[in-house]
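Basis for what follows: all heavy atoms, side chains included, without hydrogens, waters or symmetry-related copies. Numbering of ligands and ligand atoms starts at 1, following listing order. Just so you know, residue 1 is the first one in the sequence shown, and it goes up from there.
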Amino acid sequence: MIKNQWYGIMDAKELKNNKLIGVTRLGEKLVLWRSENGEINCIFDKCCHRGASLSAGKVTHDSVKCPFHGLAYDGSGKVIEIPANGKNTPVPDRYKVNAYAVKEMYGFIWLWYGDYSAELPEIPFFEYLRQGFSYGGFSEMWPVHYTRAIENQLDVVHLPFVHTNSIGRGNKTLVNGPVVKWQDNRMTFYVHNVVDDGHLKPLKPKEIENYKDYFSLELQMPNIWQNKISPDVRIVAVFAPIDEEHTRIYLRFYQKFIKLPVLKQIVNRFSNIGNRYILHQDRHVVLTQKPIKTELRMDENLIQGDLPIIEYRKRRDLLKAGHK
Ligand code: FES
Ligand SMILES: [Fe+2]
């Protein structure tokens with residue numbers, strides 16, 4: 001995992017008031033809950049006393065009580081009470097578990113995976129989608145590392161093969177470019193696939209001047225993606241890393257052409273039927289890829305059309321090396 005990044009990890013709706021939720025994210029078992037003031041807490045889900053799972057306990061007054069012997073934890077992971085020692089006995093500092101900084105924004109829960117500081121950077125969600133849109137979504141678990149799941153959404157070569165009867169209709173197998181541009185840690189890639197009449201050669205990225213007229217998609221490092229269908233319609237995916245072998249994909253349909261409350265809910269829900277169908281076409285193939293995690297240097301023979309994937313792998317390595 002790349003350190004010092006905000007990761008989208010869950011849909012905010014999964015976290016109910018006065019309830020603990022136990023999840024595995026970024027390879028750790030975590031317990032999350034909302035404080036009475038609405039803030040979200042996230043600490044490791046393993047009691048420092050004798051290892052019981054805190055998510056099986058109770059939330060009481062902004063703290064979590066372990067179900068085994070009642071040790072109470074605050075949102076920073078510190079034990080604030082050991083009932084068997086009596087209320088008047090101070091709790092030594094070593095009674096604590098690790099905690100993560102988490103925030104709820106744009107309908108997702110975000111986790112800061114890295115060095116804690118009072119001034120964390122802004123959550124890098126797509127500015128254009130921050131207001132004015134309504135959305136509906138769903139999630140599903142894929143038994144692959146999140147690099148595989150992300151790279152599938154950067155793959156512009158697979159469309160006419162995997163999505164023959166949906167978004168890849170028309171047998172446009174020849175891939176021009178694609179053109180890849182970076183701004184900070186956000187990649188925009190421009191796609192223009194065409195039918196191969198036997199006389200064409202794919203254009204090289206630098207031969208394409210009018211790339212801005214092409215269809216484009218974006219990847220914000222480390223784990224959010226946007227398909228820019230039109231100014232009013234977008235599809236967003238959050239690839240939440242569960243562990244080295246699993247990813248939960250949160251897929252959302254965003255639109256702003258229908259404003260009527262009931263109607264927009266129906267449209268958003270209906271669109272996700274199509275999105276799920278397309279995602280399952282991908283899943284069918286991606287789950288067969290070996291290995292289930294990717295690296296910049298690995299045993300694959302990439303082609304020009306894979307440029308967004310190559311760029312993604314390079315950027316991962318840069319960020320892992322500490323590049324901001
Ligand atoms: S194991 Fe949690 S209080 Fe003992
Ligand atoms: Fe696909």
Side-chain angles (χ1 to χ4, degrees), residues 20 22 29-31 33 43-60 63-74 77-87 89 91-92 94-99 138 140 142 144 146-173 175 178 189 191 193 215-219 225-229 234-239 247 249-253 271-289 294 305-306 308-309 312:
L20 296 171
K29 280 190 179 300
L30 305 169
V31 55
W33 74 97
I43 67 175
F44 281 35
D45 191 13
K46 184 180 155 202
C47 183
C48 68
H49 177 220
R50 289 180 55 220
S53 186
L54 298 173
S55 57
K58 283 200 173 71
V59 206
T60 45
S63 65
V64 176
K65 251 185 187 313
C66 178
F68 209 173
H69 316 97
L71 265 67
Y73 292 79
D74 69 12
K78 197 177 148 21
V79 175
I80 49 175
E81 192 190 337
I82 302 177
N85 289 353
K87 285 198 169 109
T89 310
V91 178
R94 69 173 187 282
Y95 290 89
K96 59 174 193 274
V97 296
N98 286 336
F138 65 93
E140 61 180 43
W142 282 22
V144 295
Y146 77 106
T147 48
R148 275 296 189 208
I150 285 181
E151 288 183 7
N152 171 58
Q153 302 300 345
L154 307 180
D155 183 330
V156 302
V157 182
H158 79 290
L159 295 163
F161 303 98
V162 173
H163 305 295
T164 328
N165 63 352
S166 57
I167 50 172
R169 237 180 264 124
N171 199 31
K172 295 180 182 165
T173 51
V175 177
F189 54 109
V191 189
N193 294 1
F215 189 73
S216 71
L217 300 94
E218 290 186 340
L219 176 76
W225 169 93
Q226 174 184 194
N227 187 346
K228 297 159 89 174
I229 311 259
R234 302 292 167 95
I235 297 170
V236 168
V238 165
F239 300 89
T247 302
I249 303 177
Y250 291 88
L251 203 82
R252 274 190 191 169
F253 173 79
S271 308
N272 281 314
I273 297 173
N275 290 338
R276 201 188 287 265
Y277 178 76
I278 292 164
L279 191 66
H280 287 179
Q281 292 185 318
D282 289 316
R283 186 172 71 175
H284 188 66
V285 184
V286 175
L287 266 48
T288 68
Q289 284 185 283
T294 71
D306 294 321
I309 292 172
Y312 167 65

Lys78 NZ: over 12 foreign heavy atoms closer than 6.0 Å: yes

Count the heavy atoms belonging to other residues, nucleotides or ligands that lie under 6.0 Å from NZ of Lys29, then report whether that count exceeds 12. no

Answer yes or no: are there more than 12 heavy-atom neighbours, outside His280 itself, under 6.0 Å from its atom NE2? yes

My understanding is that only residues two or more places apart in sequence, or in another chain, count here; which of them pass side chain to side chain donor-acceptor pair (under 3.5 Å) with Tyr250? Glu14, Arg25

Side chains of Gln153 and Asn227: is there a donor and an acceptor less than 3.5 Å apart? no

Ring of Phe253, cation from Arg234 - is the NZ or CZ under 6.0 Å from the centre and inside 45° of the axis? no

Return the set of protein N, O or S atoms whose distance to the Fe ion (ligand 2) is under 2.8 Å, each given as residue and atom. His158 NE2, His163 NE2, Asp282 OD1, Asp282 OD2

Return yes when atom NZ of Lys46 has more than 12 non-hydrogen atoms of other residues, nucleotides or ligands closer than 6.0 Å, and no otherwise. no

Under a 3.5 Å threshold, yes or no: a donor from one side chain and an acceptor from the other, between Asn165 and Tyr277? yes

Pull up every protein N/O/S atom sitting under 2.8 Å from atom 2 (Fe) of ligand 1, skipping waters. Cys47 SG, Cys66 SG

Mind checking side chain to side chain donor-acceptor pair (under 3.5 Å) for His69 and listing every partner two or more places apart, or none if nothing turns up? His49

